[in-house]
Number of protein chains: 2
Amino acid sequence: MTTSIQTRNTRQKDAIRAAFLEANRPLSPDEALTLAQKEVDALSIATVYRNIGSLVEDKWLTPVDVPGNSTRYEISGKAHHHHFQCNSCGTVHELEGCEIQAKPKLPRGFKYTSHEFFVYGTCSSCAK
Amino acid sequence: MTTSIQTRNTRQKDAIRAAFLEANRPLSPDEALTLAQKEVDALSIATVYRNIGSLVEDKWLTPVDVPGNSTRYEISGKAHHHHFQCNSCGTVHELEGCEIQAKPKLPRGFKYTSHEFFVYGTCSSCAK
DNA sequence: AGCGTATTGCGAGAGGACTCTCAAATGCAA
DNA sequence: TTGCATTTGAGAGTCCTCTCGCAATACGCT
């Protein structure tokens with residue numbers, strides 16, 4: 001028989017998952033740390049990185065690359081959608097659906113595989 | 001009278017400008033170094049950064065933030081357009097025009113200022 | 001409850017992008 | 001051609017993000 005490495009549930013990992021569930025928006029490792037520290041105050045950034053890594057491996061989280069910023073992570077399995085970034089506080093939010101219908105016209109010889117769309121502006125908290 | 005600091009034309013700066021003009025696509029500092037070294041072989045990366053910095057100040061170059069990659073720079077003054085990145089070689093290319101007509105629908109309280117659109121795929125060199 | 005091992009916390013370390021320091025080189029005005 | 005301030009090259013240094021090493025902790029199977 002194969003001896004598989006067993007994984008454990010820890011308060012830290014629970015707190016990190018809860019942070020993503022509650023935030024309901026893509027989080028940077030730093031944001032996840034801050035949010036999860038409300039539950040586990042000695043939580044360290046290394047643990048956040050380790051758990052984000054394993055949650056990505058488990059396909060529970062998906063990386064979101066943002067132009068000019070560190071990678072965010074969001075809960076996997078959502079429908080195709082794009083993101084909004086606040087110019088003021090830098091938070092990233094999910095937008096519903098995708099309005100891009102046609103494949104963009106590319107130069108001769110180029111092949112399309114996917115696209116990303118980012119909207120910038122002011123989020124509701126910063127607009128007040 | 002005000003004593004203004006005068007700037008000089010150097011072989012290095014000329015080579016860097018020429019690299020951008022000839023490449024005809026957004027370049028990273030590293031790419032600009034490699035291309036400009038064809039003309040000035042002892043060119044150093046520090047000089048590339050310094051000149052890119054001053055060309056941005058002069059508004060001759062404009063930064064292009066790419067998701068998950070270091071900033072590219074492109075020659076200023078072009079019409080609103082978006083970018084293509086090759087999944088294989090990582091080069092960034094300019095696309096003509098902008099197909100996004102309507103302002104995207106945002107959640108309540110969010111304000112729109114701008115958008116960015118990135119297309120991914122395979123460039124003509126890599127598709128061969 | 002006891003035990004073995006996965007997991008954590010912390011500090012050190014690695015890697016990338018970019019900046020600084022300073023002596024040497026070089027535009028360029030006179 | 002001379003003089004001198006700007007610019008360069010090279011390496012060290014900074015900043016940031018992320019990873020590693022290791023002793024201490026704490027899951028969770030039995």
Side-chain angles (χ1 to χ4, degrees), chain A residues 1-19 26-58 60-73 85 90-92, chain B residues 1-19 26-58 60-73 85 90-92:
Chain A
M1 77 165 263
T2 28
T3 315
S4 61
I5 299 156
Q6 61 186 347
T7 62
R8 293 174 184 175
N9 289 321
T10 61
R11 296 187 318 124
Q12 288 83 347
K13 190 166 203 164
D14 285 347
I16 292 163
R17 265 189 297 242
L27 299 178
S28 65
D30 239 42
E31 288 174 325
L33 174 66
T34 303
L35 291 174
Q37 276 178 338
K38 289 176 182 167
E39 220 168 296
V40 180
D41 65 341
L43 184 62
S44 83
I45 187 69
T47 297
V48 173
Y49 276 106
R50 279 186 290 234
N51 277 295
I52 286 179
S54 74
L55 290 169
V56 169
E57 272 200 351
D58 297 348
W60 194 87
L61 284 180
T62 302
V64 179
D65 279 339
V66 181
N69 275 271
S70 62
T71 305
R72 286 1 194 225
Y73 297 87
Q85 184 168 30
T91 57
V92 175
Chain B
M1 78 164 262
T2 31
T3 314
S4 62
I5 299 156
Q6 63 186 347
T7 64
R8 292 174 184 174
N9 289 322
T10 62
R11 294 184 322 121
Q12 287 83 348
K13 189 166 203 165
D14 284 347
I16 291 164
R17 264 188 299 241
L27 299 178
S28 65
D30 241 41
E31 289 174 324
L33 174 67
T34 303
L35 292 175
Q37 275 177 340
K38 289 177 183 165
E39 220 168 298
V40 180
D41 66 340
L43 185 62
S44 85
I45 188 68
T47 297
V48 173
Y49 275 107
R50 279 187 288 234
N51 278 296
I52 286 179
S54 72
L55 290 169
V56 169
E57 273 200 351
D58 296 348
W60 195 87
L61 284 179
T62 302
V64 179
D65 280 338
V66 181
N69 275 271
S70 62
T71 305
R72 295 339 202 236
Y73 296 88
Q85 184 168 31
T91 57
V92 176

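Every chain is numbered from 1 and lettered A, B, ... according to where its sequence line falls, protein lines coming before strand lines.
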_Please tell me whether A:S54 and A:K13 have a donor and an acceptor in their side chains that are separated by less than 3.5 angstrom._
yes
*Atom CG of A:D65 to atom C1' of D:dT17: distance rounded to whole Å?*
14 Å
*Would you say the side chain of B:E31 lies within less than 4.5 Å of the side chain of B:T34, judging by non-hydrogen atoms?*
no
*Between atom CG of B:D30 and atom OH of B:Y49, what is the distance when rounded to the nearest 0.5 Å?*
6.5 Å
*What about A:R11, does its side chain sit under 3.5 Å from the base of D:dA26 through a donor-acceptor pair?*
no
_Side chain proximity check, B:I16 to B:R50, heavy atoms < 4.5 angstrom_ = no
*Integer-rounded Å distance: D:dA26 C1' and A:K13 NZ*: 15 Å
*Rounded to the nearest Å, what distance is computed from the CD1 atom of residue B:I16 to the P atom of nucleotide D:dT8?*
7 Å
*Check whether any side-chain heavy atom of A:V48 sits under 4.5 Å from a side-chain heavy atom of A:Q37, and report yes or no.*
no
*asked:* One thing to verify: whether A:D14 and A:R11 come together as a salt bridge, which I'm taking to mean a side-chain N less than 4.0 angstrom from a carboxylate O.
replied: no
*For the side chain of A:R8, counting heavy atoms from C-beta on, which of D:dG9, C:dG9, C:dT7 is nearest?*
C:dT7
*Would you say D:dT7 has OP1 or OP2 under 4.0 Å from some side-chain N or O of B:T10?*
no
*Rounded to the nearest Å, what distance is computed from the CG atom of residue B:N9 to the C1' atom of nucleotide C:dA25?*
17 Å
_Between P on D:dG11 and CG on B:L43, what's the gap in Å once rounded to a whole number?_
15 Å
_Interface with DNA chain D, restricted to residues 47-58 of chain A and to heavy atoms under 4.0 Å_ = A:Y49, A:R50
*Would you indicate what A:A46 reaches in the nucleic acid, counting non-hydrogen atoms under 4.0 angstrom: base, sugar-phosphate, or nothing?*
base
_Out of C:dG27, D:dG9, C:dC10, whichever nucleotide has its closest atom nearest the side chain of A:S44_ = C:dC10
_Expressed as a whole number of angstroms, how long is the span from A:E31:CD to D:dC16:C1'?_
16 Å
*Would you find a donor on one side and an acceptor on the other, under 3.5 Å apart, between the side chain of A:Q85 and the backbone of A:V92?*
no
*Rounded off to whole Å, could you give me the CG-to-P distance for the B:N69 and C:dC18 pair?*
11 Å
*Looking for any heavy atom pair under 4.0 Å, which part of the strands does B:I45 touch: base, sugar-phosphate only, or nothing?*
nothing
*Please tell me which of B:P29 and B:T7 maps to the more 5' nucleotide of DNA chain C, matching each residue to the nucleotide holding its nearest heavy atom.*
B:P29
*Would one find a side-chain N or O of A:Q12 under 4.0 angstrom from OP1 or OP2 of C:dG9?*
yes
*asked:* Tell me the interatomic distance from A:L27, atom CG, to D:dT17, atom C1', rounded to whole angstroms.
replied: 17 Å
